[in-house]
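Before any comments, here is the structure.
As the structure is a prediction and not an experimental result, all values here were calculated from the model. Below, all heavy atoms of this structure are taken into account, side chains as well, without hydrogens, waters or symmetry copies. Below, chains carry the letters A, B, ... as their sequence lines are ordered, and counting in each starts from 1.
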2 protein chains.
Amino acid sequence: MKWDELREEDCPVARGLSVIGDRWTMLVLRDCFLGIRRFEEMQARLGITRHVLADRLRKLEADGVLRRDQYQERPARFEYRLTEKGKALYPVLVSLVAWADQHVPAREQSGITLLSRDTGEPLEPTLTDAKTGQKITHLTVTARSNR
Amino acid sequence: MKWDELREEDCPVARGLSVIGDRWTMLVLRDCFLGIRRFEEMQARLGITRHVLADRLRKLEADGVLRRDQYQERPARFEYRLTEKGKALYPVLVSLVAWADQHVPAREQSGITLLSRDTGEPLEPTLTDAKTGQKITHLTVTARSNR
DNA sequence: TTCGTAAGTTCCAAAAAGGAACGCACTTGT
DNA sequence: ACAAGTGCGTTCCTTTTTGGAACTTACGAA
């Protein structure tokens with residue numbers, strides 16, 4: 001299965017991965033969430049090749065995850081910002097961080113801690129049901145196919 | 001940056017992606033969460049080439065996400081099951097499903113709905129702080145680097 | 001005039017993925 | 001007995017994707 005076929009799949013996992021399912025995309029989005037907006041800065045921070053970065057930015061724009069804003073004319077210069085669709089990926093990013101912190105050891109201390117903007121306290125991200133507040137784990141959930 | 005270098009990064013996003021940051025891995029894990037355990041069945045369901053599937057299963061085993069259990073001798077036959085580390089990826093998978101359902105439209109109806117195993121009601125997955133129950137969004141959180 | 005900055009593009013080599021067929025050690029059906 | 005089927009891969013070859021470095025274009029500053 002190729003990338004274009006993946007996007008046409010019925011399963012939401014497959015469709016999600018058609019957007020973020022590669023080595024670089026979530027790293028680009030991480031930088032976007034950290035406020036990085038420009039090509040040069042991303043390239044320097046990420047250690048991605050310019051070629052691939054240009055390609056990913058274009059795909060993310062085409063998918064509506066990033067918006068390309070011109071911030072100067074002549075020479076034309078652009079910056080990339082998260083759209084609402086892009087911002088909605090935050091839980092995926094945070095879940096990934098939480099998992100990696102617990103299960104993929106770093107040589108040194110873990111890279112980042114998440115803090116509440118209100119209280120400054122460290123956060124412990126948990127997936128719950130919005131209505132009942134019940135924790136969501138593979139034991140408490142079943143999946144039903146809609147067909 | 002190559003795969004091996006990614007794993008050595010300080011950032012937990014990078015370390016997480018060194019395990020699940022490719023087109024196929026999360027699809028393999030999706031099937032594992034659905035109870036699929038054998039090579040042939042995965043290959044048939046996923047439309048992945050046998051070569052790549054064999055490679056991913058090996059990598060996931062090496063990373064401690066799956067366990068390879070021999071279920072018969074002569075000829076030796078194996079099945080793959082999630083370890084605790086693998087099961088801990090459930091929130092990442094669910095966050096991805098929730099995002100794709102809302103933001104990556106399918107041609108037909110969405111593939112799956114998540115139901116509470118207790119009540120049978122549909123679930124609305126939300127990321128909250130385990131202590132305060134506060135919702136976690138990119139607006140309510142700051143990240144601090146630990147160095 | 002040369003240097004630096006920003007956002008790419010071009011070119012070529014290396015790595016990864018796709019596709020189909022083959023191998024091996026059984027088990028089952030006729 | 002013999003052919004076909006099952007399960008889990010591996011091999012071989014082609015296509016796609018990355019990596020790495022240099023080049024381009026349009027400026028502003030020293």
Atom pair distance, as rounded to whole Å: [atom1] in [X] and [atom2] in [N]:
X: Gln70(B); N: dC26(C); atom1: CD; atom2: P; result: 12 Å
X: Met42(A); N: dA6(C); atom1: CE; atom2: P; result: 13 Å
X: Leu57(B); N: dG9(D); atom1: CG; atom2: C1'; result: 11 Å
X: Asp4(A); N: dG18(C); atom1: CG; atom2: P; result: 11 Å
X: Leu6(A); N: dA17(C); atom1: CG; atom2: C1'; result: 13 Å
X: Gln43(B); N: dT10(D); atom1: CD; atom2: P; result: 14 Å
X: Glu41(A); N: dA6(C); atom1: CD; atom2: C1'; result: 12 Å
X: Leu53(B); N: dT11(D); atom1: CG; atom2: P; result: 16 Å

Nearest to the side chain of [X] - [options]?
X: Pro75(A); options: dG8(C), dC27(D), dT17(D); value: dC27(D)
X: Arg50(B); options: dG8(C), dG18(C), dT10(D); value: dT10(D)
X: Phe39(A); options: dG20(D), dG9(D), dG8(C); value: dG8(C)

Using a cut-off of strictly less than 4.0 Å, decide whether [X] has a side-chain nitrogen or oxygen near OP1 or OP2 of [N].
X: Arg58(B); N: dT10(D); answer: yes
X: Arg23(A); N: dG19(D); answer: yes
X: Trp24(A); N: dG19(D); answer: yes
X: Arg56(B); N: dG9(D); answer: no
X: Arg74(A); N: dC27(D); answer: yes
X: Tyr80(B); N: dG9(D); answer: yes

Quick check: are there more than 12 heavy atoms from other residues, nucleotides or ligands sitting under 6.0 Å from NZ of Lys87(A)? yes

Does a donor on one side chain sit under 3.5 Å from an acceptor on the other, for Tyr80(A) and Arg68(A)? yes

Select from His51(A) and Lys2(A) the residue whose nearest nucleotide in DNA chain C is closer to the 5' end of that strand. His51(A)

By nearest nucleotide on DNA chain C, pick out whichever of Glu5(A) and Phe78(A) is the more 5' one. Phe78(A)

Under a 4.0 Å N-O cut-off, is there an ion pair linking Arg81(A) with Glu79(A)? yes

Linking I/L/V/M/F/W/Y whenever any side-chain heavy atoms sit under 4.5 Å apart, do Trp3(A) and Leu66(A) land together? yes

Once hydrogens and angles are ignored, does a donor-acceptor distance under 3.5 Å link the base of dG7(D) to the side chain of Arg77(B)? yes

Closest approach of Gln43(B) and Arg50(B), non-hydrogen atoms and distance? OE1-NH1, 3.3 Å

